[in-house]
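These notes concern the structure reproduced below.
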2 protein chains.
Amino acid sequence: MMPEWAGRGGATGRLEDDMSTPTTRPATLDDVARAAGVSRSTASRVIARTGFASPAARDRVAAAVDRLGYVPNPAARALVRGAGVRLVIAVSGTDATVLDDPYVDRVAGTAARVCAPHGLGVALEWLPLRGPTGLRRLGEDRGVCGVVLVNTTQPVLDAMPAGLRGRVASIGIGSVAVPSFDVDNGAGADAVVRHLCDTGRRRIAMVTGPRWLTCAGRSVAAYRALMRAAGLPVRLVAGDFTAARGGRAALEVLSRWPDTDAIFAASDATALGAISALRGRGIRVPGDVAVAGFDDIPYAAVSTPALTTATHPVRRIAEAAATAVLDGRRVPPVTAFPSTLVARDSA
Amino acid sequence: MMPEWAGRGGATGRLEDDMSTPTTRPATLDDVARAAGVSRSTASRVIARTGFASPAARDRVAAAVDRLGYVPNPAARALVRGAGVRLVIAVSGTDATVLDDPYVDRVAGTAARVCAPHGLGVALEWLPLRGPTGLRRLGEDRGVCGVVLVNTTQPVLDAMPAGLRGRVASIGIGSVAVPSFDVDNGAGADAVVRHLCDTGRRRIAMVTGPRWLTCAGRSVAAYRALMRAAGLPVRLVAGDFTAARGGRAALEVLSRWPDTDAIFAASDATALGAISALRGRGIRVPGDVAVAGFDDIPYAAVSTPALTTATHPVRRIAEAAATAVLDGRRVPPVTAFPSTLVARDSA
DNA sequence: GTGAAAGCGCTAACAC
DNA sequence: GTGTTAGCGCTTTCAC
């Protein structure tokens with residue numbers, strides 16, 4: 001009996017070819033079609049699950065695919081379909097250092113996992129806050145199959161190129177053209193600040209995220225609302241999600257309002273930086289000042305003191321956003337993810 | 001003066017075309033060639049920097065590229081070159097949870113940044129420890145332009161498919177066929193343990209990385225050697241780089257050797273977990289037990305107490321590895337990166 | 001239901 | 001130096 005693989009490796013069918021080439025050329029659609037005794041078109045239809053095919057043909061193609069270990073060439077596929085070949089994670093920010101945030105790595109890593117089975121990959125780019133040139137370029141790049149926006153702003157959303165329609169999603173705020181996958185910041189912040197109040201804190205300051213970031217603004221709004229409702233003073237200092245800025249901000253809080261007894265930070269990194277700076281001043285957490293974060297990064301639970309924060313399903317969010325643009329199916333305009341208080345030791 | 005972008009969107013130059021088509025078709029090589037008044041080949045040569053071209057042609061093509069905002073289609077390029085279109089980060093491990101490590105996200109994120117300007121993307125995959133099937137599949141997948149190995153083992157290296165030769169790199173140990181981009185673990189561990197000794201610690205335990213991971217073994221070897229040379233007891237407990245395991249390991253250390261006065265953890269996460277567990281037992285760090293980590297993750301500096309560790313240029317390493325496989329140029333078989341002691345407060 | 005044929009955009013021989 | 005030509009592997013009308 002002739003070995004099943006004898007037909008692989010060349011149109012000539014010369015067995016010598018196979019033997020002389022230790023690296024057998026990966027099977028192509030042609031190989032599959034020939035092995036299955038059908039035309040390329042039929043094989044293509046069966047494999048891409050598009051169009052019709054008789055059960056018989058279907059089976060034989062499937063068997064051939066299996067036997068040959070056939071994997072479609074994503075480049076060829078993308079080329080003929082006019083589709084792209086990489087998913088771009090576009091992170092808005094004032095400068096390229098926004099890409100240094102571990103949160104961005106987490107989103108990229110998650111998306112890279114989602115892309116793998118599709119034969120695609122993810123690229124990471126900084127989207128300058130000013131000038132919509134970046135987005136336009138992405139829309140025109142035929143190598144781009146889709147875009148996931150991170151930290152998006154309204155101007156960016158407004159400048160969305162029509163060419164990107166249907167293959168863009170936002171982790172954060174969205175628009176009619178851009179489905180949003182977002183955390184319910186408002187509720188989360190509300191829960192955290194409420195917890196601070198419930199545990200006896202009264203002079204609560206907040207270190208915010210970057211001013212230009214709309215979705216971070218919702219936390220600030222929630223904090224403001226709660227403070228006002230409770231007749232407590234509003235004490236705001238601007239941060240940028242980094243630990244370094246968090247430390248400086250905490251010190252600023254203390255110098256402006258020395259009687260502060262709690263700090264709500266817009267990110268865990270900010271909170272960690274604040275705690276570190278406070279400790280450097282001999283201030284105890286949570287004894288003297290309670291500190292709460294926002295995000296529940298992987299190290300929040302093992303920091304000292306264990307960080308009180310709001311937990312967000314970042315992996316699930318990134319996965320949902322990436323999947324949405326890859327599948328290209330219509331998705332609801334906004335998918336909200338929970339932001340849930342995790343009360344630990346720091347507040 | 002005519003705006004620069006007026007010529008965009010079509011070789012015809014008919015402005016009406018531009019106006020009526022909100023989504024201007026991205027320029028192709030053909031458009032560029034026509035606009036520059038040369039053939040496709042010449043344009044291709046100039047753009048891909050391959051082969052010769054007269055300075056005049058060069059200039060005109062460059063101008064056309066600029067004017068049309070031409071971006072080469074990576075799919076077409078990959079297709080004709082027989083190259084792939086995505087860089088795979090393959091992480092070895094006993095199960096898929098190895099992908100959850102923030103370190104892996106960091107590597108993926110960094111690689112995704114270096115891929116972006118090349119029109120490529122990165123995919124993230126778990127490489128089961130047993131069975132070389134995974135690697136073989138990657139070698140046969142025509143969509144894969146290269147592979148970066150993470151946490152590689154000798155068996156994986158030995159099973160390297162010939163087809164991957166020249167387009168694979170390893171963050172960790174390498175082989176004749178696989179260039180290695182690695183941290184000098186031995187020296188780093190030596191420095192950390194030496195620091196522990198220098199600050200008066202004598203009963204030093206180590207929580208290791210996974211047993212099967214060769215490059216982690218070098219830290220253990222360095223620890224062993226130093227202990228032996230100093231006539232100090234060797235106290236080893238197996239970890240897996242996670243914080244959870246680090247906490248349990250610390251407790252185990254204490255129950256087996258209650259007089260332990262220092263713990264050297266094979267990763268910062270492990271160290272953080274250990275500190276957290278110790279604190280839960282009322283043991284003070286560094287007062288009662290000093291704890292040192294390994295890696296210098298972004299939060300090490302702001303943890304409480306600030307973590308003493310060895311710092312590693314993870315971004316630079318990942319960048320070098322990704323660049324090596326993307327460029328495909330010959331690289332030295334092993335590129336060593338420094339592992340440098342950072343003495344902070346925890347030890 | 002199935003096959004033949006026409007490209008998708010690009011590169012690389014090979015002639016000129 | 002430059003242009004002509006032949007595909008890379010796949011999808012997709014369009015006849016049959």
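Residue numbers start from 1 in every chain, and the chains themselves are labelled A, B, ... in the order their sequence lines are given, proteins ahead of strands. Hydrogens, waters and symmetry mates are skipped; everything else that's a heavy atom, side chains included, is used.
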Task: Heavy-atom closest pair, residues A:I47 and A:L29 - done: CD1-CD1, 3.6 Å
Task: Heavy-atom closest pair, residues B:I173 and B:S170 - done: O-OG, 2.6 Å
Open item on the list: With hydrogens left out and only the distance checked, is there a donor-acceptor pair under 3.5 Å joining A:S41's side chain and the base of C:dA4?
Closed with: yes
Task: Distance in angstrom units between B:R81 CZ and C:dG9 P, rounded - done: 17 Å
Open item on the list: Taking any atom closer than 4.0 angstrom to a non-hydrogen atom of chain A, what span of DNA chain D does the protein reach, first nucleotide to last?
Closed with: D:dG9 to D:dT12
TODO: Report which part of the nucleic acid B:T28 touches: base, sugar-phosphate, or nothing (heavy-atom distance under 4.0 Å, all strands).
DONE: sugar-phosphate
Open item on the list: One thing to verify: whether B:R113 and A:D105 come together as a salt bridge, which I'm taking to mean a side-chain N less than 4.0 angstrom from a carboxylate O.
Closed with: no
Open item on the list: Quiz question: by atom type and distance under 3.5 Å, do the side chains of B:S180 and B:D182 form a donor-acceptor pair?
Closed with: no
Open item on the list: Please give me the minimum heavy-atom distance between A:V38 and A:A43, naming the atom from each residue.
Closed with: CG2-N, 4.1 Å
- [ ] Look at the side chain of A:W126 and the backbone N and O of A:G93, then say whether any donor-acceptor pair between them is shorter than 3.5 Å.
- [x] yes
Task: Whole-Å distance separating the CG atom of A:N73 from the P atom of C:dC8 - done: 18 Å
Open item on the list: Please report the distance, rounded to the nearest Å, between CZ in A:R34 and P in C:dG3.
Closed with: 14 Å
Task: Spacing of B:D30 atom CG relative to C:dC8 atom P, expressed in whole Å - done: 9 Å
Task: From C:dA13, C:dA6, C:dG3, nucleotide with atom closest to A:R40 side chain - done: C:dA6
Task: Nearest-neighbour nucleotide for the A:A57 side chain, C:dG3, C:dT2, C:dG9 considered - done: C:dT2
Open item on the list: Whether B:R86 and B:D141 form a salt bridge (side-chain N of Lys/Arg under 4.0 Å from carboxylate O of Asp/Glu) is what I want to check.
Closed with: yes
TODO: Answer yes or no: side-chain N or O of A:R45 and base N or O of C:dG3 forming a donor-acceptor pair under 3.5 Å.
DONE: yes
Open item on the list: Please report the distance, rounded to the nearest Å, between CZ in A:F52 and P in C:dT2.
Closed with: 12 Å
Open item on the list: Is A:S54 close enough to C:dT2 that one of its side-chain N or O atoms is under 4.0 Å from OP1 or OP2 there?
Closed with: yes
Open item on the list: By nearest heavy atom, map A:L79 and B:S39 onto DNA chain D; which one lands nearer the 5' end?
Closed with: B:S39
Task: Contact under 4.0 Å: A:T42 side-chain N or O vs C:dG3 OP1/OP2 - done: yes
